[in-house]
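For the single chain, residues carry numbers from 1 onward in sequence order.
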Amino acid sequence: MEKPIKLIALDMDGTLLNNKGQITEANRQAIKAAQDRGIFVVLSTGRSLLTCREHADALELSSYLVTVNGSEIWDDKRELVERNLVKSELVEWMWNLTREHKTKFWAISTEQNWHDEMPEDIHTLEWLKFGFNIENDETRELILRELEARGEFELSNSTLKNIEVNPAGINKANGLKIVCSRLGIAMENVMAVGDSLNDLAMITEAGLGVAMGNAQEKVKKAADWVTTTNEEDGVANAIHRWVIQI
């Protein structure tokens with residue numbers, strides 16, 4: 001690597017976490033070794049702070065968090081740096097789409113996560129992301145086209161069966177750019193690791209984009225390097241190969 005890595009951005013599900021939702025000992029040790037060398041390790045996840053904070057604390061991460069695909073950014077004291085909201089009218093429209101097509105869904109507000117149910121008054125809450133879980137490929141394509149036609153969304157996924165919806169222009173890459181500017185680091189000094197379409201922007205815009213061995217094909221093609229799977233300590237292997245070289 002010509003450019004030294006100063007920040008490691010890690011997706012969580014399918015990347016940092018194994019299929020049981022755990023951080024392996026090898027990943028834990030590699031992250032500690034990187035932090036001991038003064039390298040920032042940033043979780044960059046589709047999850048909200050509510051469901052990633054425990055992992056960040058367990059890893060003793062002393063840096064920023066990019067959560068909800070970049071809709072929220074938190075500093076090292078876990079105080080809010082930036083928040084980007086989805087209009088409640090759009091959330092209501094998407095909820096109606098799920099009812100029309102009889103699909104499962106989830107939604108993240110600033111207060112809590114919702115699964116296949118919504119509050120009585122959607123408009124009293126602030127919304128960060130909406131997600132569709134759709135088993136049927138034709139239905140998923142149909143909903144994706146409807147979402148694209150609105151022209152107001154950043155569309156991605158975290159599995160092949162879902163669609164993740166953020167405000168237009170909000171993604172993990174833009175979240176990391178804000179973190180880097182605050183830390184005085186260039187994006188070319190970032191290694192980003194992920195497996196799904198919500199990782200694509202950060203993998204293509206980081207100095208070194210790493211796809212997991214279990215990543216979606218589109219992500220592997222866009223990456224600079226492919227590591228092993230999330231069941232084979234893929235994060236640790238990438239850190240050893242490109243960052244701490246031991």
Any D11 side-chain heavy atom under 4.5 Å of L43 side chain: no
Minimum side-chain heavy-atom gap T24-V235 below 4.5 Å: no
CD/E138: more than 12 non-hydrogen atoms of other groups inside 6.0 Å: no
Validation row: E92, H123 side chains within 4.5 angstrom (heavy atoms): yes
Backbone N/O of G131 and side chain of N162: donor-acceptor pair under 3.5 Å: no
Polar side chain donor-acceptor pair, N198 to S158, under 3.5 angstrom: no
Contact list for residues 201-214, test salt bridge (Lys or Arg N to Asp or Glu O under 4.0 Å), sequence neighbours left out: K177-E205
Salt bridge (Lys or Arg N to Asp or Glu O under 4.0 Å): pairs with one or both residues in residues 108-123, sequence neighbours excluded: none
Flag side-chain contact, heavy atom, 4.5 Å: E126 against S109: no
Sequence neighbours excluded, every pair satisfying salt bridge (Lys or Arg N to Asp or Glu O under 4.0 Å) that has a member inside residues 210-236: E217-K220
Neighbour count above 12 (heavy atom, 6.0 Å) for E54 CD: no
Donor-acceptor side-chain pairing of E164 and N157 below 3.5 angstrom: no
Close side-chain approach of I8 and I39, heavy atoms under 4.5 Å: yes
Qualifying ring pair (Phe, Tyr, Trp, His ring centres under 6.0 Å) pairs, either residue in residues 191-233, two or more places apart: W225-W242
Student check: side-chain heavy atoms of F40 and L183 closer than 4.5 Å: yes
More than 12 heavy atoms of other groups within 6.0 Å of E146 CD: yes
Apart from V91 itself, residues in the same hydrophobic cluster as defined by side-chain heavy atoms under 4.5 Å: V86, L90, W93, M94, W95, L97, F105, W114, M118, I122, L125, W127, F130, F132, I134, I143, L144, L147, F153, L155, I163, V165
Test item: S44 side-chain N/O and L10 main-chain N/O as donor-acceptor pair under 3.5 Å: no
Set of side-chain contact (heavy atoms from CB on, under 4.5 Å) partners for E79, sequence neighbours left out: D75, K77
Candidate list V193, V219, D199, L16, test side-chain contact (heavy atoms from CB on, under 4.5 Å), partner M212, passing option: V193
Check: E154 side chain, G169 main-chain N or O, donor-acceptor pair, under 3.5 Å: yes
Evaluation steps, side-chain hydrogen bond (donor to acceptor under 3.5 Å, both in side chains), between N69 and N166: CA-CA 7 Å; N69 292 342; N166 287 82; 3.1 Å; yes
Pairing residues for E82 by the side-chain contact (heavy atoms from CB on, under 4.5 Å) criterion, not counting sequence neighbours: I73, N84, I178
Donor-acceptor under 3.5 Å (T227 side chain, G234 main chain): yes
I31/I239 under side-chain contact (heavy atoms from CB on, under 4.5 Å): CA gap, chis, key distance, verdict: CA-CA 8 Å; I31 288 167; I239 291 173; 4.0 Å; yes
For E152, salt bridge (Lys or Arg N to Asp or Glu O under 4.0 Å) partners two or more places apart: K87, R150
No-hydrogen, no-angle side-chain donor-acceptor test under 3.5 Å, N230 and N18: no
ILVMFWY cluster membership beyond L160 - transitive side-chain contacts under 4.5 angstrom: none
Any side-chain heavy-atom pair of H55 and I23 under 4.5 Å: yes
side-chain contact (heavy atoms from CB on, under 4.5 Å) against D13, all qualifying residues, sequence neighbours excluded: L17, R47
Partners passing side-chain contact (heavy atoms from CB on, under 4.5 Å) against D76 (at least two apart in sequence or in another chain): none
Any donor-acceptor N or O pair under 3.5 Å, side chains H101, T139: no
T51 side chain near N113 side chain, heavy-atom distance below 4.5 Å: yes
Residue pairs involving residues 97-106 (criterion salt bridge (Lys or Arg N to Asp or Glu O under 4.0 Å); sequence neighbours excluded): none
Flag, side chain of S71 to backbone of L128, donor-acceptor distance under 3.5 Å: yes
R28 side chain vs L59 backbone, donor-acceptor pair below 3.5 Å: no
